Every structure is written in structure tokens, then in C-alpha cells.
Amino acid sequence: MTALPERTVDSKFPAGDSDDSADREPVATNSEQKAIENKSLKASFLTSFFTSTLSIFERRSDSFSVEKKPTKSRSYGWTTAVRKVVTSGSMRRLQERILGTSRFDNLSMTSQIWFLGKCYKLSLEESSQCSDPGNSYAAFLEDFSSRIWITYRKGFEPIGESKFTCDVNWGCMIRSSQMLVAQALILHHLGRSWRKPLQKPYDLQYVEVLHLFGDSSTCAFSIHNLLQAGRGYGLAAGSWLGPYAICRTWETLARANKEQAEHDKCKESLPMVLYIVSGDEDGEQGGAPVVCIEVAAKLGSHFSKGQLEWAPILLLVPLVLGLEKINPRYIPLLWETFTFPQSVGILGGKPGASTYIVGVQDDKALYLDPHEVQPAVDIRRDDSEADCTSYHCSTVRHLPFDMIDPSLAIGFYCRDKG
């Protein structure tokens with residue numbers, strides 16, 4: 001799917017300069033307001049230009065991928081070359097630079113942020129004398145950039161018989177779900193206070209989590225294995241799917257991996273129960289989900305083969321909260337889920353463009369965006385010196401909460417019965 005029209009917050013927040021920036025920020029006059037309006041009009045025009053340009057080349061590319069002609073015409077070669085330039089990371093950065101992100105469009109520096117169960121009470125007066133540096137904007141960025149970011153990849157081993165070596169334009173829901181499960185694993189193994197170290201060597205437990213999501217059939221939670229597990233729900237390389245189908249796919253994959261691990265100790269499996277809380281058998285139709293404590297206990301007992309009364313649980317709750325748009329009555333309730341310490345985020349986004357929603361501020365949903373194409377990397381589970389930079393992002397993107405697709409899935413990790 002194509003990338004979301006997005007607003008970004010510059011991650012290069014200057015430590016210790018917040019007082020200066022607050023002093024430098026002028027009060028908007030009428031003339032300044034007109035300049036801002038002119039800039040908004042310019043941004044709107046440029047957004048339309050870039051969006052239309054990208055869509056032209058994506059449609060062109062799609063048409064060729066369907067036809068699968070044995071030869072390539074000169075015009076196709078020219079189109080491909082231009083498309084590479086237009087859709088490249090450098091062009092995307094140029095687009096963001098031209099459109100600009102003024103302070104009026106950034107996150108508020110006075111409103112609190114709820115981020116995966118933790119509250120950051122931001123203040124303009126972030127200095128060395130701050131009574132609680134853990135609430136600073138810098139602390140929030142450190143937390144945000146420590147979350148595992150999984151995106152489109154290119155150049156991985158072919159997926160089954162499909163021969164796909166890239167998941168651009170169709171794998172965003174799979175990538176979003178991988179991010180959510182990765183966060184649950186980080187919570188399980190390393191805890192909510194874990195932050196990515198600034199220097200190597202890395203904790204091998206962290207490296208092993210990354211290894212699980214590698215782009216190879218040998219990695220337990222790879223896109224290859226998810227597609228194989230989801231065939232019964234219509235999953236196929238090159239096609240898009242919804243939140244309910246990906247939740248059931250994870251359920252199938254977790255069950256299969258656990259069965260394999262029981263016979264082969266070298267196989268990795270999910271170290272927690274996966275409980276899909278759905279209102280009906282076909283979650284695409286919505287319905288009111290009900291968490292049944294008896295079902296959870298039974299799943300936990302089965303997971304531990306009767307040795308434990310309870311086991312850690314990952315709850316996935318697929319929901320349909322409206323028709324074409326999300327029903328406004330549900331927005332405050334969705335917002336509140338991020339205040340739960342068990343929150344591992346939401347699979348959601350705009351129609352046809354999935355993201356991993358990780359936090360909220362005022363009427364904005366903060367998210368990690370999988371729509372960035374990166375080369376496939378191979379991270380060995382025992383490599384504490386691995387280059388993990390492509391699995392982390394320090395750019396905070398956001399979209400209005402009322403623009404979220406009504407079809408979504410909420411995740412919670414519960415370590416114990418309490």
C-alpha cells in the first residue's frame with residue numbers, strides 16, 4: 001500500500017535548548033498568520049503534486065507486474081528509472097523538507113503523551129533543573145526510538161512459489177503486526193523500562209527478538225511463515241489483508257510453532273498464550289468482544305501442559321468501529337487504552353494503509369510507519385555486534401484520530417492473572 005500522508009516531528013530535538021526555543025517562538029501576528037496560510041496552501045498543492053506523481057508510477061508498475069511481459073520497452077525502462085527517483089528515500093525526505101513541518105504542526109510541548117502505557121507530561125521548561133527528567137521530551141524520544149520498527153524490505157529470499165522478493169505496496173499489515181508482537185516480546189523478556197543501548201555489544205535477548213522477525217523462512221515470525229500460516233484466511237504474497245485475518249494468522253502460526261518446538265528444541269515459539277478476543281467467529285463483521293477469564297485460564301493451562309495455573313497472555317482484539325469512518329463515540333475509549341500498562345498498541349491506519357499506532361496526544365494518534373523500503377538484513381541470534389539501525393526509527397508521525405480506519409485490532413500483554 002502507499003504511504004500515508006503524514007506529519008512528522010523532527011527527532012533531532014536539541015537537548016537543553018527547549019528554554020531557548022520557547023523564548024524564540026514569537027506570538028503570531030496577522031501578517032504571520034497570512035504567511036502560515038500561504039504556506040499551508042503551498043503545502044496542499046505540493047502534497048497533491050507528489051501524491052499524484054507517485055500514484056501514476058505505482059499504477060504503471062502494477063500494470064506491468066500483472067501483464068508480466070517477457071520484454072521491456074524503452075518507455076518502461078524510462079518509467080522505472082523515474083519511479084525509482086520519485087519513490088526513493090531521498091525524494092521522500094525532499095518532499096518532507098519542501099512541505100515543511102512548522103511548530104504549529106508539531107506535537108504540543110505542553111500536552112501529555114500516553115505512549116504504550118506510560119505518560120509523558122511534557123513541559124516547555126525542560127532544563128537540567130527539571131524535577132522529573134523522565135517526563136521530558138528527550139525521554140519520550142528515547143522510549144519511542146527504542147521500539148522495534150519493522151518496514152517493507154527488498155532483496156529477501158523468494159516467498160514460496162510466488163517468487164516475491166519484496167513486499168512493497170502489500171505487506172504493511174503484516175509489518176505492523178510484527179511490530180506489535182515484537183513489542184509484546186520486549187515486554188516479556190526485557191520489561192517496559194528497557195531502552196535500546198547506545199553502544200554495543202547488545203543484550204542477546206534483544207538481538208534474538210530481532211532475529212525472530214528476519215525475512216527468511218528459517219526465522220520463526222518472518223513474513224514467509226506468516227503467509228504460509230495465513231493461507232486459510234486468504235493470505236497470499238502480493239495481496240492485502242485486514243486486522244482480523246492477520247490476528248487469526250498469528251494464532252495459527254503460534255500454534256504450529258509451539259507444536260514444532262515440542263519435537264525440536266531448536267525451534268522458536270511464542271513464549272506466551274495468544275488469545276484472540278472476537279465478538280463472533282467472523283470478526284470482520286464486528287460484534288462486542290468479551291474477555292472470558294475461564295477461557296484465558298484454560299488456554300494458559302494448556303500452554304503449560306497443566307504445570308502452571310496461569311501463563312503470560314497476548315490479547316488481540318479485532319474490532320470494526322464504524323462503516324466508512326470510525327464512530328466518534330469510540331475515539332475516547334480507544335484513546336484510553338494507551339493508558340493501560342498492558343498496552344502494546346493498535347493495528348490501524350487509514351483505509352488500505354496499515355500502521356502501528358503506539359501513542360496518543362490530544363486528538364492525534366502517534367504511529368510507527370512500515371511504508372519505508374529497506375534492504376533485507378540477516379541478524380544472527382548470537383550476534384551482539386549486529387547492525388540493528390534499520391529496526392529503529394526516531395521520527396514521530398501522527399494522524400488525526402478520527403481518520404483511523406474503523407477496522408483495527410488492539411493489543412494487550414498480560415504477564416500474570418492480576
Side-chain angles (χ1 to χ4, degrees), residues 8-18 107 109 112-123 126-128 130-151 175-176 178-213 271-272 312 314 338-346 355-361 366-370 372 374 377 379 381-398 411-415:
T8 63
V9 178
D10 189 359
S11 64
K12 310 299 184 185
F13 188 84
D17 289 351
S18 54
L107 295 178
M109 291 305 299
Q112 66 182 13
I113 293 175
W114 277 100
F115 179 68
L116 296 175
K118 179 171 176 56
C119 181
Y120 289 93
K121 299 177 181 178
L122 307 185
S123 170
E126 291 181 11
S127 65
S128 58
C130 179
S131 59
D132 186 5
N135 269 329
S136 69
Y137 189 72
F140 161 68
L141 282 181
E142 182 188 17
D143 192 357
F144 181 90
S145 60
S146 294
R147 299 314 108 200
I148 294 177
W149 179 47
I150 302 179
T151 71
R175 300 304 188 180
S176 298
Q178 287 177 318
M179 285 189 267
L180 186 148
V181 176
Q183 173 59 15
L185 288 171
I186 290 293
L187 276 178
H188 180 79
H189 292 299
L190 299 170
R192 181 62 183 87
S193 61
W194 178 84
R195 301 291 182 268
K196 180 179 178 291
L198 297 177
Q199 296 180 341
K200 301 175 183 179
Y202 296 131
D203 188 315
L204 284 180
Q205 189 67 71
Y206 155 68
V207 175
E208 185 167 345
V209 170
L210 294 183
H211 169 76
L212 292 172
F213 297 93
M272 61 191 76
L314 173 59
F338 288 98
T339 68
F340 294 6
Q342 298 84 7
S343 171
V344 289
I346 294 177
T355 65
Y356 175 38
I357 301 174
V358 290
V360 290
Q361 185 189 53
L366 316 182
Y367 65 91
L368 282 163
D369 189 2
E372 183 84 25
Q374 302 188 87
V377 295
I379 294 183
R381 61 195 307 177
D382 59 350
D383 186 4
S384 61
E385 300 287 334
D387 181 3
C388 305
T389 54
S390 67
Y391 282 97
H392 295 275
C393 174
S394 53
T395 301
V396 184
R397 294 184 168 90
H398 59 84
F412 302 96
Y413 169 74
C414 303
R415 186 179 297 275

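From a predicted model like this one, the values you see are computed outputs, not experimental measurements.
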Legend entry - Residues Leu185, Met272; criterion side chain to side chain contact (heavy atoms under 4.5 Å, CB included); working and verdict: CA-CA 9 Å; Leu185 288 171; Met272 61 191 76; 3.9 Å; yes
Inset, instruction - Let me see the working for Leu314 and Val344 under side chain to side chain contact (heavy atoms under 4.5 Å, CB included), right down to the final yes or no. - result: CA-CA 9 Å; Leu314 173 59; Val344 289; 4.1 Å; yes
Legend entry - Spatial distance of atom NE2 (His398) from atom CG (Leu366) [nearest 0.5 Å]: 7.5 Å
Legend entry - Leu141 side chain reached by Ser394 side chain, heavy atoms, under 4.5 Å: no
Legend entry - Audit row: Leu122, Gln361, side chain to side chain contact (heavy atoms under 4.5 Å, CB included) steps and yes/no: CA-CA 11 Å; Leu122 307 185; Gln361 185 189 53; 4.2 Å; yes
Legend entry - Qualifying residues under side chain to side chain contact (heavy atoms under 4.5 Å, CB included), relative to Asp143, sequence neighbours excluded: Phe115, Lys118, Tyr120, Arg147, Arg192, Arg195
Legend entry - Heavy-atom side-chain proximity of Asp203 to Pro197 below 4.5 angstrom: no
Inset, instruction - Would you please name every residue forming a ring-ring contact (aromatic ring centres under 6.0 Å, His included) with Tyr413, sequence neighbours left out? - result: His188
Legend entry - Check: Ser145 side chain, Glu142 main-chain N or O, donor-acceptor pair, under 3.5 Å: yes
Inset, instruction - May I ask you to decide if Glu385's main-chain N or O and Lys200's side chain share a donor-acceptor pair within less than 3.5 Å? - result: yes
Legend entry - Counterpart residues, side chain to side chain contact (heavy atoms under 4.5 Å, CB included), relative to Thr339 (two or more places apart): Trp114, Trp335, Glu336
Legend entry - Donor-acceptor under 3.5 Å (Ser146 side chain, Lys196 main chain): yes
Legend entry - side chain to side chain contact (heavy atoms under 4.5 Å, CB included) involving Thr151 - partner list, sequence neighbours excluded: Trp149, Arg153, Glu372, Gln374
Legend entry - Check: Asp387 and Val377 side chains under 4.5 Å, non-hydrogen atoms: no
Legend entry - With Tyr391 via side chain to side chain donor-acceptor pair (under 3.5 Å) - residues at least two apart: none
Legend entry - Pair Leu107-Tyr137, side chain to side chain contact (heavy atoms under 4.5 Å, CB included): steps then yes or no: CA-CA 10 Å; Leu107 295 178; Tyr137 189 72; 4.3 Å; yes
Inset, instruction - Report yes if the side chains of His189 and Pro271 come closer than 4.5 Å at any heavy-atom pair, otherwise no. - result: yes
Legend entry - Reported CG-to-CZ distance for the pair Leu187 and Arg415, which is rounded to 0.5 angstrom: 7.0 Å
Inset, instruction - Report the residues that fulfil ring-ring contact (aromatic ring centres under 6.0 Å, His included) with His392, sequence neighbours left out, ordered by chain and then residue number. - result: Tyr206
Inset, instruction - Kindly compute the distance separating OH (Tyr356) from CE (Met179), expressed to the nearest 0.5 Å. - result: 8.0 Å
